[in-house]
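For reference, the structure is listed below as structure tokens.
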Amino acid sequence: MLTAPDDNNRPLFHANGIKEFYKEHGRKIFPQRNCGLLNKPLNLVAAVTGPKYNGKYLHSIIQSLLKDTKLSRTLTNVVIPTFDVKSLQPIIFSTFEAKDVLPKDALLSDICISTSAAPTYLPAHYFKTEDDKSEDHFRHFNLIDGGLAANNPTLLAMSQVTKEVVRDNPKFLPIEPNDYGKFLVISLGTGSAKQAGQYSSQHAAKWGVLGWLYNNGMTPLVDIFSQASADMVDIHASVLFQALHCEKNYIRIQDDTLEGDVASVDVTTRSNMDKLIQIGESLLQKPVSRVNLEKGVYEPVDGAETNAEELTRFAKLLSDERRLRQMNA
């Protein structure tokens, strides 16, 4: 929404318009059932027979907004993970690669639909792109949510920059490939409910296939995979930057204390979305936190500024760097 161009090659959305977009369209993307006591049985049937949502409205709104915009036209460089269920391989789409590899320069709408296709919630997405090196001149993609491979894509972004450095991309010289001291990383999480005690070994010991896939309105196996993936990346990045004595170059903003509806993926009632906005705004005023490697929880850093103040500092660093590059150019 921030990097796709409009007809004037400006961002399709302003940041302050995104909340209203979700308030307007969220309930149509994830329509809420209100069947009283039948809610859980109906959800269970849906979990067995197919994805919880057909995705038609989500697909239509994405396609109507992005039209024929391709990945190579994004206003800033992006890295978007997906996972191919046919090849059982992660497929990473990036702006840099799209400019050099024709079949990876897919429609941005196809990529967005694919990376949001969370298993059990939305259907997998198929599309094909032209490939002049292939015998049938097409490359086929069978994709689902990239969160299964990289729920926290921080390392993907860092790897992409490193790859461009190795390729001698002048935009990144004279940075050495392993000189992470020059990296500035803001990692923004979307919240976690792992501290709410949703699952226990006593309950999990009784689960079969269905129990792991769908349990009391939740999806334990998907939740565990995605949470583990995100936490491992955060731990790795945190340790890396601390080891290089540049821990202030890495900030992770995440709330791992969500409970109830705000911890869900798809509760789009107006009251719940308002609560999510309040959580985000209050998170800005909390001190910078880092994960405790032993406890697995986020703890405030001694003497740290607030997240809002740290974001302001990052913004100034980036602005100064951009101004310096423009002067040198």
Side-chain angles (χ1 to χ4, degrees), residues 1-13 18 21-22 25 29 51 53-164 166-167 169 171-172 188 190 226 229:
M1 298 175 78
L2 295 174
T3 66
D6 62 15
D7 293 337
N8 298 314
N9 211 38
R10 298 292 299 164
L12 196 60
F13 280 84
I18 291 178
F21 174 90
Y22 277 98
H25 298 286
I29 295 172
Y53 306 98
N54 59 32
K56 290 181 179 179
Y57 186 84
L58 174 64
H59 298 179
S60 67
I61 195 69
I62 289 176
Q63 290 165 340
S64 65
L65 285 170
L66 297 177
K67 302 174 184 176
D68 60 352
T69 302
K70 289 195 171 184
L71 176 61
S72 59
R73 286 191 56 211
T74 55
L75 300 175
T76 57
N77 300 310
V78 297
V79 181
I80 304 174
T82 63
F83 191 87
D84 195 301
V85 295
K86 190 169 185 178
S87 65
L88 293 180
Q89 290 289 328
I91 304 294
I92 311 302
F93 292 94
S94 74
T95 309
F96 283 116
E97 192 173 17
K99 293 176 180 178
D100 297 326
V101 183
L102 182 61
K104 296 295 283 291
D105 191 19
L107 289 175
L108 201 53
S109 59
D110 280 326
I111 297 173
C112 289
I113 290 170
S114 299
T115 198
S116 61
T120 74
Y121 288 96
L122 291 162
H125 185 58
Y126 166 80
F127 65 92
K128 61 183 179 179
T129 57
E130 293 187 20
D131 185 354
D132 55 5
K133 295 181 181 179
S134 172
E135 292 183 1
D136 61 1
H137 302 293
F138 289 101
R139 178 167 178 179
H140 303 266
F141 295 95
N142 300 267
L143 304 178
I144 58 173
D145 181 9
L148 294 181
N151 198 37
N152 178 347
T154 298
L155 290 184
L156 286 183
M158 295 174 67
S159 297
Q160 185 65 48
V161 173
T162 302
K163 184 189 296 185
E164 294 304 311
V166 172
R167 293 178 56 194
N169 185 327
K171 291 185 177 181
F172 294 99
L188 180 60
T190 53
S226 61
S229 169

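In this structure, CG in L122 is found 6.0 Å from CG in L58, a value given to the nearest 0.5 Å. Atom CG of L102 sits about 7.0 Å away from atom CG of D131, to the nearest 0.5 Å. In this structure, CG on L143 lies 11.5 Å from CG on L148, to the nearest 0.5 angstrom. Atoms CZ and NZ, on F96 and K163 in that order, are 11.0 Å from each other to the nearest 0.5 Å. Here D145 contributes atom CG and T120 contributes atom OG1; the two are 10.0 Å apart, rounded to the nearest 0.5 Å. Here I91 contributes atom CD1 and N142 contributes atom CG; the two are 10.0 Å apart, rounded to the nearest 0.5 Å.
Applying the side chain to side chain contact (heavy atoms under 4.5 Å, CB included) rule to L12 yields the partners A4, D6, L65, L66; only residues at least two apart in sequence or on another chain are considered. For H59, there are no side chain to side chain donor-acceptor pair (under 3.5 Å) partners, not counting sequence neighbours. Contacts of L155 classified as side chain to side chain contact (heavy atoms under 4.5 Å, CB included), with partners at least two apart in sequence or in another chain: M158, V233, H236.
The heavy-atom pair separating D105 from A98 by the smallest distance is CB-O, 3.4 Å. Closest of all the heavy-atom pairs between P5 and T69 is CD-CG2, 3.8 Å. Across all non-hydrogen atoms, the minimal contact from I92 to K104 is O-NZ, 3.0 Å. Considering every non-hydrogen atom in both A150 and L156, the closest pair reads CB-CD1, 3.6 Å. Between P123 and A117, the shortest heavy-atom contact is O-CB, 3.2 Å. Listed here is the closest heavy atom pair of K99 and S72: CE-O, 3.7 Å.
Checked by atom type and distance alone, the side chain of N8 never pairs as donor or acceptor with a backbone atom of R10 at under 3.5 Å. When atom types are taken as modelled, the side chain of T3 and the backbone of L75 share no donor-acceptor pair closer than 3.5 angstrom. Between the side chain of T129 and the main chain of P103, a donor-acceptor pair closer than 3.5 Å is present. Judged by distance alone, with hydrogens and angles left aside, the side-chain atoms of T115 form no donor-acceptor pair with the main-chain N or O of T82 at under 3.5 Å. In this structure, the side chain of S229 engages the main chain of N151 through a donor-acceptor pair within 3.5 Å. Side chain of S116 to backbone of C112: a donor-acceptor contact under 3.5 angstrom is found.
At a threshold of 4.5 Å between non-hydrogen side-chain atoms, the residues V79 and P153 do not count as touching. L108 places none of its side-chain heavy atoms less than 4.5 Å from the side chain of I62. Annotation: side chain of Q63 is in contact with side chain of I113 (closest heavy-atom distance under 4.5 Å). At a threshold of 4.5 Å between non-hydrogen side-chain atoms, the residues F83 and Q89 do not count as touching.
Between F141 and F93, the ring planes are tilted. Angles from 30° to 60° get that label.
For Y22, the OH atom sits in a loose shell: 12 or fewer heavy atoms of surrounding residues, nucleotides or ligands are nearer than 6.0 Å.
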*I would like to know whether L2 and I18 meet side chain to side chain contact (heavy atoms under 4.5 Å, CB included); could you show each step before the answer?*
CA-CA 9 Å; L2 295 174; I18 291 178; 3.9 Å; yes

